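Fair warning: this is a prediction, and the values are worked out from it, not measured in the lab.
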Amino acid sequence: FKGVAKVGNSYTADLGFEYSITSNWVGVMEFVYQHGDSSLTTGTQRLESGLVSVPFRSTSSSSEYWSVAPALEYNFNSNVGIIAGAEITFAGRNTCAAVIPQVALSWFF
């Protein structure tokens with residue numbers, strides 16, 4: 001195959017909330033919307049014989065999804081904290097449902 005792919009534009013909107021339960025514990029909730037435009041791939045592809053090339057063109061469909069990402073954060077002190085949760089994709093078009101665990105360490109100095 002010899003060709004070019006033109007990837008469509010995409011954008012994401014993310015809205016997050018945090019609630020301090022204690023001075024160390026924080027509850028977190030994020031809401032995410034993502035949209036991706038269709039992509040176009042064009043080029044030539046050799047047949048099995050390898051002697052002849054034929055034109056190739058493929059267009060993907062656009063996609064979008066909604067997800068939530070609840071998490072719990074623990075701050076050891078004002079400089080170090082850890083956050084753990086999962087992003088849960090529950091609705092969309094041309095996407096699949098998913099649960100994506102996430103853990104991050106925050107270290108400020």
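Grouping the Ile, Leu, Val, Met, Phe, Trp and Tyr side chains by contacts below 4.5 angstrom, directly or via other members, places M29 apart from V32. Cluster membership check: V103 does not share its hydrophobic cluster with I100, using side-chain heavy-atom separations under 4.5 Å among Ile, Leu, Val, Met, Phe, Trp and Tyr. When hydrophobic clusters are built by joining Ile, Leu, Val, Met, Phe, Trp and Tyr residues whose side-chain heavy atoms come closer than 4.5 Å, directly or via intermediates, F90 is grouped together with V99. Linking Ile, Leu, Val, Met, Phe, Trp and Tyr whenever their side-chain heavy atoms come within less than 4.5 Å puts I82 and L72 in one cluster.
For the residue pair S38 and S60, the shortest heavy atom distance occurs at CB-O, 2.7 Å. Closest non-hydrogen pair, N94 versus S63, comes out as O-CB, 3.7 Å. Here the closest non-hydrogen pair linking S10 and G36 is CB-CA, 3.9 Å. Contact record, W25 with T22: N-OG1, 3.0 Å, taken as the closest heavy-atom pair.
Evaluation of the salt bridge (Lys or Arg N to Asp or Glu O under 4.0 Å) rule for R57 yields no partner, not counting sequence neighbours. For Y33, the ring-ring contact (aromatic ring centres under 6.0 Å, His included) test picks out W66, with sequence neighbours left out.
Taking CG of D37 as the start and CD of E64 as the end, the distance is 10.5 Å to the nearest 0.5 Å. Within the model, atoms CG of N77 and CZ of F108 stand 11.0 Å from one another, a figure rounded to the nearest 0.5 Å. Atoms CD and CZ, on E30 and F17 in that order, are 10.5 Å from each other to the nearest 0.5 Å. Note that the OH atom of Y74 and the OG atom of S106 stand 14.0 Å from one another [nearest 0.5 Å]. F1 contributes atom CZ, which lies 7.5 Å from atom CD of Q45 (distance to the nearest 0.5 angstrom).
Distance alone, capped at 3.5 Å, places no donor-acceptor pair between the S58 side chain and the T41 backbone. Side-chain atoms of N24 come within 3.5 Å of backbone N or O of N75 as a donor-acceptor pair.
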Decide yes or no on side chain to side chain contact (heavy atoms under 4.5 Å, CB included) for S20 and V26, but give the supporting numbers first. CA-CA 4 Å; S20 296; V26 178; 4.3 Å; yes
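No more than 12 heavy-atom neighbours from other residues, nucleotides or ligands sit within 6.0 angstrom of OH on Y19.
In this structure the side chain of S62 reaches within 4.5 angstrom of the side chain of R93, judged on heavy atoms. Looking at heavy atoms from C-beta onward, V80 lies in side-chain contact with L105 at the 4.5 angstrom threshold.
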